**Q** 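Structure provided below as structure tokens; questions to follow.
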Amino acid sequence: MKRNYLAFAEDIPAYSGPKAARETHADLKQLSAIPGHIYARPDLQILPGQRRFSKMPWLVPMLELLPPTSISHLKEWGLSTIFVLAKNYNKLVHVWESVTAMVELWHPQTNSFIFPEFEATIFLEELEIMLGLPRYQRGEESALSYTVEQINSWSILAYITTKKNDLYSMTSGMHCKRKTTNYTAIAKAAAICICGVILFPEADGAIFFRNLSIIDSISEGMKIGQAVLGFLYAGLTSAALGGPFYGSVVALELWVGMHIQFWTVEDLTMECKTMLNHPLAYVGGRLHMSPRAWCKTAQVKGIHARRQYLRSLTVADFDMRPRFMHGRTIHLPQRTGLTLRLLGNGALVSYNPDRCHLQCGAARTVVPLLSHFPPIQERKRGDTQDERDMCSAVVHWEGCATSAIQAEVEEDDEAIAEYIEALKKLQPAGRDV
């Protein structure tokens, strides 16, 4: 039974970690001063050295041979966009210089990108729209995908395979079509493959069991957006501190493309070659962009130029309210300092959309405090404290406030000046490399 939000509001223990977690925005360390941050190590090679995003020769043939009934199941589960992106995965070209330059601006304490005049992050609502995932709505907290029990991954796989070495075999479309007529099982096997590649990429040729229950819950109507975004946040933090990068690089590039890289142009006579193999060319709805788009960063080539461009990015150069987000409702913490957390099987991840007030469409009068939660809290399933933490996180989502994105945001000059002065303490420091 769920506890009322107010029952948690007064007895939440303070985070006893780094002092920065208890201070205001103005007291945060500069990126270059964070121990191990790649901002101060420009020669460190972090991408794409881990072979996590190479082309997979088995993926497209397997998807082309899926029975129509199984494809229908994938669409019913909200995986239409993921299916299209997976079918075209071998065509996608990741611009690693751009990804690296973005990672260098990621702050592991705030889980946001730090630009000279503002902060920005990937909102849960943006991610759900970009990837076409089922959207979380207030009152649907019971449908958020997570588990507090120890996961028996083979019990999940038992529905679609009976032998451990069958896991490789199920990537063969001929195997699926000829050896079973259980189209739901085929769809679940395909979901594991396409979600592993697009949403939870971590290592080639392997499916990590810790994400298996999240993927499996899709067929039960569960919402997985929080797990996907939390996994990407954790991967960005890992890379920013010199570790391996993991998470949905496709989602990251969609977000960068919509906010920074591209503008739609009605009468463009020449095709934008940069767009030809960009993920935005393969998604549908209002997010889709044809090659007849203008690339704002067409002349920005190489890691040095991309660093300089992003480290001097102004509010005018960042599309705060891209067309696909107009009128959407953003979920925000109910009060300052009570940060939401993204629920995932691997960790609870601090979520700070209210820090990015220009994106939210909400005027800011006070620079918000940092969360009392650690930015990333590793989970131990089956643990009593873990169960309490997860219950608390769900209740906070139940009590969160909402804000509709506005066409314009009005702020008084004093509030803006206060925010800019505070942000100067947080923005990247040191010479451009």
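Computed from a prediction, not measured in an experiment: that's the story for all the values here.
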**Q** Without hydrogens or angle criteria, can the side chains of Glu253 and His278 be said to hold a donor-acceptor pair below 3.5 Å?
**A**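 Glu253 vs His278: no donor-acceptor pair found between side chains.
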**Q** Go through the steps to decide whether Glu125 and Tyr136 satisfy the test side-chain hydrogen bond (donor to acceptor under 3.5 Å, both in side chains), and finish with yes or no.
**A** CA-CA 8 Å; Glu125 290 79 10; Tyr136 161 76; over 6 Å; no
**Q** Atom CG in Asp317, atom OG1 in Thr297: separation rounded to 0.5 Å?
**A**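 Going from the CG atom of Asp317 to the OG1 atom of Thr297 covers 11.0 Å.
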**Q** Kindly indicate whether the side chain of Phe231, heavy atoms from C-beta on, has any atom under 4.5 Å from the side chain of Ile214.
**A** no
**Q** Taking the six-membered ring of Phe373, is the NZ or CZ of Arg341 close enough (under 6.0 Å from the centre) and on axis enough (within 45°)?
**A** yes
**Q** Below 4.0 angstrom, N of the basic side chain to O of the carboxylate: do Glu140 and Lys223 qualify?
**A**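 Counted as a salt bridge, because a side-chain N and a carboxylate O are separated by less than 4.0 Å.
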**Q** Working to the nearest 0.5 angstrom, can you tell me the gap between Ile218 CD1 and His73 NE2?
**A** 14.5 Å
**Q** Is there a donor-acceptor contact under 3.5 Å from the side chain of His37 to the main chain of Trp106?
**A**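 At least one qualifying donor-acceptor pair exists.
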**Q** Which value, rounded to the nearest 0.5 Å, describes the distance between Leu229 atom CG and Leu127 atom CG?
**A** 5.5 Å
**Q** Is the closest side-chain donor-acceptor distance between Tyr351 and Gln226 under 3.5 Å?
**A** no
**Q** I want to check something: taking the side chain as every heavy atom from C-beta on, are Leu31 and His107 in contact at a cut-off of under 4.5 Å?
**A** yes
**Q** State, with a plain yes or no, whether a side-chain heavy atom of Cys360 is found less than 4.5 Å away from one of Leu332.
**A** yes
**Q** Does a side-chain heavy-atom distance below 4.5 Å link Val99 with Val256?
**A**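 Not in contact.
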**Q** Give the minimum heavy-atom separation between Leu276 and Tyr282, together with the two atoms involved.
**A** O-OH, 3.6 Å
**Q** Could you tell me which non-hydrogen atom of Gly399 sits nearest to which non-hydrogen atom of Gln334, and how far apart they are?
**A** O-NE2, 3.0 Å
**Q** Side chain to side chain contact (heavy atoms under 4.5 Å, CB included) between Ser213 and Asn345: does it pass, once the steps are laid out?
**A** CA-CA 8 Å; Ser213 65; Asn345 268 359; 2.3 Å; yes
**Q** More than 12 heavy atoms of other residues, nucleotides or ligands under 6.0 Å from NZ of Lys75: is that the case?
**A** no
**Q** Yes or no on salt bridge (Lys or Arg N to Asp or Glu O under 4.0 Å) for Glu387 and Arg381, after CA distance, side-chain angles and deciding distance?
**A** CA-CA 8 Å; Glu387 187 167 359; Arg381 297 182 196 85; over 6 Å; no
**Q** Kindly say whether Ile122 contributes a backbone atom to a donor-acceptor pair with the side chain of Tyr233 at under 3.5 angstrom?
**A** yes
**Q** Give a yes or no answer on whether the side chain of Ser238 reaches the backbone of Ala234 with a donor-acceptor pair at less than 3.5 Å.
**A** no
**Q** Compute whether any side-chain donor of one residue and acceptor of the other, for Glu126 and His259, lie under 3.5 angstrom apart.
**A** yes
**Q** Go through the steps for Val60 and Tyr89 under the test side chain to side chain contact (heavy atoms under 4.5 Å, CB included), then give the verdict.
**A** CA-CA 8 Å; Val60 174; Tyr89 186 74; 5.8 Å; no
**Q** Would you say Ser80 and Leu74 make side-chain contact, with heavy atoms under 4.5 Å?
**A**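 No, side chains not in contact.
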**Q** With no hydrogens and no angle check, is any side-chain donor or acceptor of Ser70 less than 3.5 Å from a backbone partner on Leu66?
**A**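 Here the side-chain-to-backbone pair does not exist.
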**Q** Checking the side chain of Ser72 only, and the main-chain atoms of Pro68 only, is there a donor and an acceptor separated by less than 3.5 Å?
**A**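 Side chain of Ser72 to backbone of Pro68: a pair is present.
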**Q** Drop me the distance from Ser350's OG to Ile376's CD1, to the nearest 0.5 angstrom.
**A** 9.0 Å
**Q** Flag the pair Tyr183 / Ile71 as yes when at least one side-chain heavy-atom distance between them is below 4.5 Å, and no otherwise.
**A** no
**Q** About how many Å separate CD1 of Ile198 and CG of Leu131, when rounded to the nearest 0.5 Å?
**A** 8.5 Å
**Q** Can you name the closest pair of heavy atoms from Gln359 and Phe318 and give their distance?
**A**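 Taking every non-hydrogen atom into account, CG-CE2, 4.2 Å.
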**Q** For Asn111 and Thr121, test the side chains for any donor-to-acceptor distance below 3.5 angstrom and give the result as yes or no.
**A** no
**Q** Could you measure the distance from the CZ atom of Arg306 to the CD atom of Glu97? Nearest 0.5 Å is fine.
**A**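 Nearest 0.5 Å value for the CZ-CD distance: 6.0 Å.
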**Q** Any salt bridge linking Asp216 with Lys188? Criterion: basic side-chain nitrogen under 4.0 Å from a carboxylate oxygen.
**A**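 Counted as a salt bridge, because a side-chain N and a carboxylate O are separated by less than 4.0 Å.
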**Q** Are Ile34 and Pro108 packed together at the side-chain level, in the sense that at least one heavy-atom pair is separated by less than 4.5 angstrom?
**A** yes
**Q** Please name the pair of heavy atoms, one in Ile38 and one in Ala239, separated by the smallest distance, quoted to 0.1 Å.
**A** CG2-O, 3.4 Å
**Q** Are Leu105 and Arg311 close enough, and set up right, to give a side chain to side chain contact (heavy atoms under 4.5 Å, CB included), and what steps lead you there?
**A** CA-CA 8 Å; Leu105 300 181; Arg311 294 180 186 187; 3.9 Å; yes
**Q** Counting only N and O atoms by type, is there a donor-acceptor contact under 3.5 Å from the side chain of Glu141 to the main-chain atoms of Gly139?
**A**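 Yes: the side chain of Glu141 pairs with the backbone of Gly139.
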**Q** Passes salt bridge (Lys or Arg N to Asp or Glu O under 4.0 Å), Asp386 versus Arg379? Steps please.
**A** CA-CA 6 Å; Asp386 177 69; Arg379 294 187 54 207; 2.8 Å; yes
**Q** For Pro375 versus Gln109, what's the shortest heavy-atom pair and its separation?
**A**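 Heavy atoms only, the tightest pair is CG-NE2, 3.6 Å.
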**Q** At their closest point, which heavy atom of Ala393 faces which heavy atom of Leu348, and how far apart are they?
**A**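 Minimum heavy-atom contact is CB-CD2, 4.1 Å.
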**Q** For the pair Glu119 and Arg355, find out whether any cationic side-chain nitrogen is under 4.0 Å from an anionic carboxylate oxygen.
**A**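 Between Arg355 and Glu119 there is a salt bridge, with a charged N closer than 4.0 Å to a carboxylate O.
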**Q** So do Leu236 and Leu252 actually touch side chain to side chain, heavy atoms under 4.5 Å?
**A** yes
**Q** Using the rule ring pair (Phe, Tyr, Trp, His ring centres under 6.0 Å), only one of Phe113, Phe262, Phe123 pairs with Trp255; which is it?
**A**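 Among Phe113, Phe262, Phe123, the one that satisfies the ring pair (Phe, Tyr, Trp, His ring centres under 6.0 Å) with Trp255 is Phe113.
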**Q** Checking side chain to side chain contact (heavy atoms under 4.5 Å, CB included) for the pair Leu124/His331: CA distance, chi angles, key distance, verdict?
**A** CA-CA 8 Å; Leu124 174 63; His331 295 81; 5.9 Å; no
